[in-house]
Amino acid sequence: MNREQLKEKYTQLTRSPWSTALLLTLSALGLGLLSLCFAMTENRWAMLQTYFQHPLILLLNLLPPVLLCLLLWLLTNRALIAYSATAVLVFGLTLANWYKLSFRDDPLLFGDLLLVKEAGNMLGRYSLFMTKFLAAALACILLGGLAVFFCARGRLGSPKWLRFALAGGLLLLTIPLSLLYTSDDVYNNKTNNPKLVRRWSTTSNFISKGFVYPFLHSVGTAIEKAPAGYHKQTVQALLSQYEDGAIPQEQQADVFGIMLEAFNDFSKYEEIPFTQDPYAAYHALEKESLSGNLITNIFAAGTVNTERAFLTGCADLSAFRSKTNSYAWYMKSQGYQTAGSHPCHDWFYNRLNINPNLGLDNYQFFQNCYGALADDQGNIPRDNVLFPEMLRQYEEAVAQNPAPYFNFSVTYQGHGPYHTDENDWGESYVEPGRFTPETENILNNYFGSVKSTGDELAAFVDSLRNQDRPVVLVVFGDHNPWMGESNSGYQELGLNLDLGEKEGFFNYYGTRYLIWANDAAKKTLGGDFTGEGPDISPCFLMNVLFDQCGWEGPAYMQYTRQLMAALPVIREGGVSCVTAAGEYVVQPEGETAEKILEFRQVEYYMRHNFQYKDLADSEQ
């Protein structure tokens, strides 16, 4: 074959629409593979291997670049334009995700694209960097572009309608595919990739599925759907009936909110044959506090639901990807310094990024504080480390800054699952032989943790008793503990967990709370802070605290205070409630349903209309 024949053959091949389609497909697959290479910032090769061990993960990440590239080619009839646009979009987003993971250990979600200002602020704080691997990837993309330019010149000619018909077919194909990408079942179960995953890290779970696929899955949660009948102006008019109340300087008191992991008072159940009381210290503290039942939305897991309901006053929650109204922001607007502690990792429930959005500054985690206080094995510090360190941080903070102090902290010690084959605390709290060995160990390990937490909490309170500064403490459990697979421990205890009955509902979702004040706070605020408090949802707990302190609170709290008087317990989504008369309503109807719907509209407004913009901007 002579030179002219080779040239003619090359021309025929490069101008063939089918060879062009094939080369574009291969090029797009290469872009998809490069995207997978930059889906993580560590353990790159190990994580890549897990992708190839899960064909569905591989398919869901590689298919979108291919379909996009072919669709753009059909619409423009220009292969280089199709490839270039696909490369910019796919790898551009991948690179944004990679840098975001590097800087904040937080993946790029579709909803982040709607936060233009926040993205600009974030970029202003960091310096982008180049690595050899990134340079090699960009070179590969450039080489792919050259290959397309020289070897993919085919176009679809007459009839013109054929291109658009094929493009329409591809678009129609995306309809069933969109159901696959938005499916929670596929995301949570069928693409479960547990290797190298930190179970409680949303970032880690995102990375385990690549980038393109989990990014597209996040489209479904990018824009929160407003409740039925929602009108912004109507809610604004409703809230305009109230004015934000200030905390007078002479009535200011330091506030600690402490959420105890999986802490509940099981001594109320006659079914448990205690051999010794693990709640002695806690009960002594309850006697000098206002205490009551907290009816959460969660059972044995989902800590942040109770946590963020307490901080925001909302029963329904959002992703908190941007600055969001909270009581911490309100306290800051009243001149309070805000802080907190959690001895576990900062990626746990993405608190590293979400806490600042809720107004919690200067937060101490394992990475920036408690890791240095861990034992020789590097275990997450228990409460005997956490509470003394919280006290030290408090005393140091108020010594440096006399402004009032708000602290929200979360313990980790009680986190399950508990060992079923050994007694970690070396003490027996339940009658031996009454339960299976596995359940007996679970109970002894749980109650051993409960006793330790109660003792450390009591010592922490004793340290605050004689403080000259007024201090108020609100303590609550986030949810009931894990008690074996399929709730085996609860079944052996014989506890009623029937959600169709009030007793079962309270047993399943109920924990305890208490509000305590030192003598200086009682003198400053004029209350005794004792007695039995109401049964409430976590979203109303701050209301009870402010009522005890005699503080009016922000306009939103004034609205919810009236709602709480009628419906003190409202489940997430308004699926059930408890009235002021104590009636448990499984499916609210009539006026009750209308009140709940109005509440959902108001809290939706509060989640999407940040009121402390000037304060937040001043802190940038």
Side-chain angles (χ1 to χ4, degrees), residues 239 241-258 285 288-292 310-313 325-340 358-362 390-391 393-395 397-409 460-461 463-476 513-534 536 539-565 606 611-612 614-615 618:
L239 291 176
Q241 301 174 34
Y242 311 93
E243 291 185 6
D244 288 343
I247 300 177
Q249 188 172 357
E250 66 275 9
Q251 293 182 10
Q252 290 178 340
D254 298 336
V255 176
F256 278 90
I258 303 177
L285 186 57
E288 51 179 301
S289 307
L290 179 89
S291 59
F310 168 74
L311 287 169
T312 64
N325 292 316
S326 74
Y327 292 127
W329 279 112
Y330 170 78
M331 300 300 277
K332 290 175 73 170
S333 76
Q334 300 301 303
Y336 276 69
Q337 50 186 315
T338 63
L358 293 175
L360 290 171
D361 305 325
N362 192 30
M390 285 169 53
L391 180 65
Q393 292 171 14
Y394 166 63
E395 292 177 339
V398 298
Q400 295 175 355
N401 183 356
Y405 181 86
F406 175 78
N407 179 295
F408 175 71
S409 295
F460 180 73
V461 167
S463 298
L464 298 176
R465 288 185 190 279
N466 299 320
Q467 286 275 351
D468 293 332
R469 294 172 65 99
V471 182
V472 178
L473 194 70
V474 53
V475 181
F476 56 100
Y513 71 86
L514 64 80
I515 300 174
W516 175 90
N518 67 359
D519 289 340
K522 292 178 180 178
K523 182 178 179 181
T524 298
L525 301 172
D528 65 1
F529 291 84
T530 60
E532 184 66 21
I536 53 170
C539 61
F540 297 136
L541 182 53
M542 198 70 88
N543 298 54
V544 178
L545 171 68
F546 272 51
D547 288 345
Q548 289 296 302
C549 294
W551 298 337
E552 192 174 19
Y556 176 70
M557 178 179 282
Q558 295 173 47
Y559 163 77
T560 58
R561 184 177 284 119
Q562 294 189 17
L563 177 67
M564 186 186 77
M606 293 299 296
Q611 299 178 336
Y612 302 97
D614 292 341
L615 176 59
S618 69

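All heavy atoms count here, side chains included; hydrogens, waters and symmetry mates do not.
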### Task
Kindly say whether A246 contributes a backbone atom to a donor-acceptor pair with the side chain of Q334 at under 3.5 angstrom?
no
### Task
Could you go through the side-chain contact (heavy atoms from CB on, under 4.5 Å) check for T560 and N543 one step at a time?
CA-CA 8 Å; T560 58; N543 298 54; 2.9 Å; yes
### Query
Between the main-chain N or O of Q611 and the side-chain N or O of W329, is there a donor-acceptor pair closer than 3.5 Å?
no
### Distance (rounded to the nearest 0.5 Å) between M390 CE and S463 OG
11.0 Å
### Task
For residues D361 and K332, report the shortest heavy-atom separation together with the two atoms involved.
OD2-NZ, 2.7 Å
## Note on the structure
Per side-chain contact (heavy atoms from CB on, under 4.5 Å), W516 is matched among V475, L464, V472 by L464
### Message
Ignoring hydrogens and geometry beyond distance, is a side-chain donor-acceptor pair present between Y405 and N407 at under 3.5 Å?
### Response
yes
### R469 side chain vs P402 backbone, donor-acceptor pair below 3.5 Å
yes
### Query
Going through the checks in order, is the side-chain contact (heavy atoms from CB on, under 4.5 Å) test met by L290 and V544?
CA-CA 10 Å; L290 179 89; V544 178; 3.7 Å; yes
### Task
Begin with the C-alpha distance, continue with both residues' side-chain angles, and end with the deciding distance and a verdict on side-chain contact (heavy atoms from CB on, under 4.5 Å) for M557 and Y327.
CA-CA 9 Å; M557 178 179 282; Y327 292 127; 3.6 Å; yes
### Query
Are any side-chain N or O atoms of D244 and backbone N or O atoms of A555, one a donor and one an acceptor, separated by less than 3.5 Å?
yes
## Note on the structure
Value for CD (Q548) from CG (D528), rounded to nearest 0.5 Å, stands at 7.5 Å
### Query
Going by heavy atoms in the side chains, are L360 and L311 under 4.5 Å from each other?
yes
### Query
From M331 CE over to Y336 OH, what is the distance, rounded to the nearest 0.5 angstrom?
4.0 Å
#### Entry: Short side-chain to backbone donor-acceptor contact, S289 and S291, under 3.5 Å
no
### Message
Would you say that more than 12 heavy atoms from the other residues, nucleotides or ligands in this model lie under 6.0 Å from the CD of E532, or not?
### Response
yes
### Message
To the nearest 0.5 Å, what is the distance between CD on Q558 and CG on L563?
### Response
14.0 Å
### Query
Is there side-chain contact between P534 and F540, with at least one heavy-atom pair below 4.5 Å?
no
### Task
Test side-chain contact (heavy atoms from CB on, under 4.5 Å) on W551 and L545 and set out the steps.
CA-CA 9 Å; W551 298 337; L545 171 68; 5.6 Å; no
### Query
Has the side chain of D254 got a donor or acceptor atom that lies under 3.5 Å from a matching backbone atom of P404?
no
### Message
Would T312 and N325 count as a side chain to side chain donor-acceptor pair (under 3.5 Å) here? Give the steps.
### Response
CA-CA 7 Å; T312 64; N325 292 316; over 6 Å; no
### Task
Give a yes or no on whether the backbone of L358 and the side-chain of S326 come within a donor-acceptor separation of less than 3.5 Å.
yes
### Task
For the pair F310 and F476, name the ring-plane relationship: parallel under 30°, tilted 30 to 60°, perpendicular over 60°.
tilted
### Message
Taking the side chain as everything from C-beta on, heavy atoms only, tell me whether Y513 gets closer than 4.5 Å to I536.
### Response
yes
### Task
Output the distance between atom OH (Y559) and atom CE (M606), rounded to the nearest 0.5 Å.
11.5 Å
### Heavy-atom closest contact (T524 atom, Q251 atom, distance)
CG2-CA, 3.9 Å
### Task
Evaluate the ring planes of Y394 and F256, with Trp represented by its six-membered ring, and classify them as parallel (under 30°), tilted (30 to 60°) or perpendicular (over 60°).
perpendicular
### Query
Within a radius of less than 6.0 Å around CG of N401, do more than 12 heavy atoms belonging to other residues, nucleotides or ligands occur?
yes
### Message
Give me the atom names and distance for the closest heavy-atom approach of P470 to Q252.
### Response
CG-O, 3.5 Å
### Message
Test your reading of the model: is there a side-chain donor-acceptor pair from T338 to the backbone of G359, 3.5 Å cut-off?
### Response
yes
### Task
Look up atom CD in Q400 and atom CD in E395, then write down how far apart they are to the nearest 0.5 Å.
12.0 Å
### Message
Is it the case that over 12 heavy atoms from other parts of the model lie below 6.0 angstrom from the CD atom of E243?
### Response
no
### Query
Aromatic rings Y330 and F546: how do their planes relate, parallel, tilted or perpendicular, breaks at 30° and 60°?
tilted
### Query
Quick one: does L473's side chain get under 4.5 Å of I515's, heavy atoms only?
no
### Query
Between R561 and E552, does at least one N-O distance fall below 4.0 Å, as a salt bridge requires?
no
